[in-house]
Amino acid sequence: MAAKSRTHNSILNIVTGLGGYVINTVLGFLCRIVFIRCLSAEYLGISGLFANILTMLSLAELGIGSAIVFALYKPLAENDESKIASLMRYYAKAYRIIGIVVAIFGLCMIPFLGFVIKNPPHIKENLYAIYLLYLFNTSSSYFFSYKSSLIMADQQNYIVTGLNYIVTILQSIIQMGYLLLTKEYMGYLIIQTIGVFTYNLIISHIANKKYPYIKNKNILPLDKNEQKSLTSNIKALTIWKLSSLLVNNTDNIIITYFSGLATVGISSNYTLLSNTLNSLLNQIFNGISASVGNYNAIESNEKKIKLFNNINLLNFWLFGWATVGIIVLSGDIVKLCFGENYVLPFNIPCIIGINFYMVGMQNAVWTYKNTMGLFRQGRYLLIVTAILNLVFSILLGSEWGLFGILLATSISRLLTNTWYDPYVVFKYGLNTSPKIYLKKYIYFLILLIITVIVSLYLCSFIEFNTILDIINKFIICIIIPNLIFLLAFYKKDEFKYFLELLNKFKMLILHYIKLIKKY
C-alpha cells in the first residue's frame with residue numbers, strides 16, 4: 001500500500017477518533033445527568049455492578065484480538081486474500097467459542113446474584129431480566145464484531161470508530177428522550193440492546209462487502225505452525241494484559257487502606273483530568289497503529305527507525321505538553337470546580353504528572369512492539385511490576401500516604417517496563433542499539449523539567465483569585481511549552497516531517513469541504 005494511502009488513512013483515523021471521543025464524552029455526561037435525574041441511585045448501582053461482572057467475564061477475550069490484528073498486517077499489505085480468509089475463519093471460530101463461554105458463565109452467575117446483592121433494590125423491573133439483557137449485549141457481540149478487527153487492521157479504523165460513535169450518539173439521544181418521557185429503565189436498556197445489535201450487524205455487513213472472499217466456502221485452515229504461533233502470542237498477551245490490570249487497579253485499594261475512602265474520592269478529581277487527557281491523546285496512537293503495522297510489515301529497518309523517531313517526537317510533544325498542564329494547573333482546576341477543601345498538596349499533582357508522562361512516553365514503543373508482534377518478550381515482566389508496585393506501595397504508603405503510593409507506581413514502572421520495552425523494540429524489532437532511544441529519552445526528560453520550571457515560575461506571579469487568573473495560567477501553559485519545544489526541534493527532520501503532515505491534513509480537509517459543498 002502506498003505511503004500516501006497510509007498517511008490519508010492515519011489522518012482520517014485520528015480526526016474521527018478525536019472528534020468522536022469529544023462528542024461522545026460530552027453526550028455521555030449529559031446522558032448520565034438525565035439518568036440520575038430520572039431514575040433512583042439504585043439503578044446507577046445496578047448498571048455499575050452488572051457492567052463490572054460482565055467486564056470480568058469478558059477477560060476470556062484477552063490477547064486474541066491483538067494477536068489476530070498483528071497476524072493480518074502482512075497478508076493485507078501483500079493482498080494475500082487466501083491467508084486473510086484463513087485467519088478470519090480461525091478468528092470467527094475463536095470468538096464464537098468466547099461468546100458461548102461468556103454466555104454460559106454469565107448464566108451460571110445468576111444463582112449467585114442474590115449473594116452479591118444482599119439488599120435487593122426497590123425497583124419495579126425484574127432484576128434478573130435486567131441482568132440477562134446486559135449478558136445478551138456482551139455475549140452476542142462476539143458473534144459479529146470480530147470482523148471489525150479486519151477493517152481496523154486494513155487501516156480503516158475511521159469506519160469502525162465513526163459507525164460506533166454515530167450509533168452511540170443516536171442511541172444516547174433516544175435514551176435521554178425516552179427517560180424524560182417515561183422514566184422507565186427497562187426500555188432504556190432495550191434501546192441500548194438495539195443499538196449494540198444494530199452496530200454489530202452493520203459492521204459485519206460492511207466487512208462482508210469489502211472483503212467478500214472471507215465468506216467463501218472453500219477456505220483453507222491455518223497450518224499447525226501458524227496456529228501454534230498465534231496460540232503462543234495469545235498466551236503472552238493474556239499474561240501481559242492481566243498483569244497490566246493488576247498494576248493499574250490496585251492503587252485505590254491500598255489508598256483506601258492507608259488513607260481512607262475520602263482520600264480516594266479527593267484524589268480521583270486529579271486523576272480524572274489525567275485519565276481524560278490520556279484517553280484523548282491515545283486516540284491519535286490508535287489512529288496510526290494499523291498504518292504503522294502495514295509499514296513495518298513491508299519496509300526496511302532504516303525506514304522503520306525513521307518512522308519511530310517521528311512518532312516518538314510527536315509522543316513527547318503531546319504528553320510533555322499535557323504533563324506541564326497537569327502539574328501546573330490541576331490544583332487550580334480542582335479548586336475552581338470543587339472548592340479549596342478538595343485541593344491536595346503540590347507534590348500530588350507532581351507525582352500524578354510523572355506517572356502520566358511515564359506511561360504516555362511508552363506509546364510509540366508499545367505501538368511498535370504490538371505491530372511487530374513482540375508479544376512474548378517480557379510477557380512476565382508486568383507481573384514483576386505488579387509485585388514491586390504492591391510492595392513499594394505498602395512500604396511508602398505507610399510513611400507518606402497517598403504520595404508514597406503514587407510514587408511506588410513510578411518506581412515499579414521505572415525498574416521494569418520503562419526501560420525493558422524500548423530495549424525489546426530496538427534489540428529484537430529494529431535490530432539496532434537501544435542507546436539511541438535512551439539518549440533521546442534523557443534529552444526529552446531534561447527539556448520537560450526545564451519547561452515545567454519555567455511555566456511554574458511565570459505562573460507564580462499570578463495569584464488564583466478569579467477565573468481570569470486561571471485563564472492567564474492556561475495561556476502560559478499553552479504558549480511556553482510549545483515555544484520551548486519549537487526552539488528545541490524546529491531544525492530536526494522529525495519536526496519537518498510533521499509540518500509536511502499538517503499540510504497534507506489541511507489539503508485533506510479542504511478536499512472534503514469541497515465534496516460536502518458539491519453534494
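Given the structure is predicted, the values throughout are model-derived calculations rather than measurements.
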> So Glu494 and Lys440, salt bridge (Lys or Arg N to Asp or Glu O under 4.0 Å) or not? Walk me through it.
Replying inline: CA-CA 13 Å; Glu494 294 93 327; Lys440 285 199 174 183; 2.8 Å; yes
>> Walk me through whether Leu402 and Tyr270 qualify under side chain to side chain contact (heavy atoms under 4.5 Å, CB included).
In response: CA-CA 12 Å; Leu402 176 62; Tyr270 286 82; over 6 Å; no
> What do the steps show when you test Asn312 against Phe444 for side chain to side chain contact (heavy atoms under 4.5 Å, CB included), and what is the final call?
Replying inline: CA-CA 10 Å; Asn312 201 33; Phe444 287 158; 3.7 Å; yes
>> Set out, in order, the CA-CA distance, both residues' side-chain angles and the distance that settles side chain to side chain donor-acceptor pair (under 3.5 Å) for Gln377 and Lys427, then state yes or no.
In response: CA-CA 11 Å; Gln377 288 83 353; Lys427 181 76 174 176; over 6 Å; no
>> Applying side chain to side chain contact (heavy atoms under 4.5 Å, CB included) to Asn315 and Leu281, what does each step give before you reach the verdict?
In response: CA-CA 9 Å; Asn315 199 30; Leu281 295 179; over 6 Å; no
> Checking side chain to side chain contact (heavy atoms under 4.5 Å, CB included) for the pair Thr323/Ile327: CA distance, chi angles, key distance, verdict?
Replying inline: CA-CA 6 Å; Thr323 300; Ile327 293 172; 3.9 Å; yes
> When you look at Asn296 and Thr371, which way does the side chain to side chain donor-acceptor pair (under 3.5 Å) test go after all the steps?
Replying inline: CA-CA 7 Å; Asn296 287 337; Thr371 57; 3.2 Å; yes
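The minimum heavy-atom distance linking Ser455 with Ile480 is given by the pair OG-CG2, 3.6 Å. Closest heavy-atom contact between Ser148 and Tyr199: CB-OH, 4.3 Å. When all heavy atoms of Asn355 and Ser410 are compared, the closest pair comes out as OD1-OG, 2.5 Å. Taking both residues in full, the closest heavy atoms of Ala364 and Phe285 are given as N-CE2, 4.4 Å, listed atom of the first, atom of the second, then distance. Between Pro434 and Phe426 the shortest heavy-atom distance is CA-CB, 3.8 Å. Contact between Leu448 and Gly320 at its shortest, heavy atoms only, is CD1-O, 3.4 Å.
Using a 4.5 Å heavy-atom cutoff, the side chains of Leu76 and Asn294 are not in contact. Between Ile159 and Thr16 the shortest side-chain heavy-atom distance does not fall below 4.5 Å. Contact of the Ile449 side chain with the Ile446 side chain is not registered, since no non-hydrogen atoms from C-beta on lie closer than 4.5 Å. Leu72 places a side-chain heavy atom less than 4.5 Å from the side chain of Leu150. The shortest distance between side-chain heavy atoms of Phe346 and Leu456 falls below 4.5 Å. No side-chain heavy atom of Phe474 sits under 4.5 Å from any side-chain heavy atom of Val328. Side-chain contact check for Asn278 versus Ser274: every heavy-atom pair is 4.5 Å or farther apart. Residues Ile326 and Ile352 meet the side-chain proximity criterion, which asks for heavy atoms closer than 4.5 Å.
Using a distance-only test at 3.5 Å, with no hydrogens or angles considered, a donor-acceptor pair links the side chain of Gln362 to the main chain of Asn417. Between the Tyr368 side chain and the Lys304 main chain, a donor and an acceptor come within less than 3.5 Å of each other. Checked by atom type and distance alone, the side chain of Asn301 pairs as donor or acceptor with a backbone atom of Leu430 at under 3.5 Å. Using modelled atom types, one side-chain atom of Thr367 and one backbone atom of Asn363 make a donor-acceptor pair closer than 3.5 Å. A donor-acceptor pair is defined here as one N or O able to donate and one able to accept, closer than 3.5 Å; no such pair exists between the side chain of Lys369 and the backbone of Val425. Looking only at distances, a side-chain donor or acceptor of Asn200 sits under 3.5 Å from a matching main-chain atom of Val196. The closest donor-acceptor contact from the side chain of Ser86 to the backbone of Leu222 lies at 3.5 Å or more, if one exists at all. A donor-acceptor pair is defined here as one N or O able to donate and one able to accept, closer than 3.5 Å; no such pair exists between the side chain of Asp80 and the backbone of Lys74. Not one N or O on the side chain of Trp317 forms a donor-acceptor pair closer than 3.5 Å with the backbone of Asn482. Using modelled atom types, no side-chain atom of Arg413 and backbone atom of Met358 make a donor-acceptor pair closer than 3.5 Å.
The line from CD1 of Ile284 to CD1 of Ile311 is 12.0 Å long, rounded to the nearest 0.5 Å. If you take CD1 on Ile98 and OG on Ser141, they are separated by 12.5 Å, rounding to the nearest 0.5 Å. Here CG of Asn79 is found 9.0 Å from CG of Asp154. Values are rounded to the nearest 0.5 Å. With rounding to the nearest 0.5 Å, the separation of SG in Cys350 from CG in Leu407 is 12.0 Å. One distance of note links CD of Glu81 with CE of Met88; it measures 13.5 Å at 0.5 Å rounding. Distance CG/Leu314 to CD1/Ile288: 6.5 Å, rounded to 0.5 Å.
Ring orientation note: the planes of Phe316 and Phe485 are tilted relative to one another, at an angle of 30° to 60°. Between Tyr142 and Tyr95, the ring planes are perpendicular. Angles over 60° get that label, and only those under 30° would be called parallel. In this pair, Phe461 and Tyr457 present their aromatic rings perpendicular. The plane angle is above 60°, beyond the 30 to 60° band. In this pair, Phe356 and Phe319 present their aromatic rings tilted. The plane angle is within the 30 to 60° band.
Enclosure of atom CH2 in Trp366 by more than 12 non-hydrogen atoms of other residues, nucleotides or ligands within 6.0 angstrom is indicated.
Partner Thr385 forms a side chain to side chain donor-acceptor pair (under 3.5 Å) with one of Thr409, Thr418, Thr416 and no other, that one being Thr416.
Checked against a 6.0 Å centroid threshold, the rings of Phe495 and Tyr490 do not count as neighbours.
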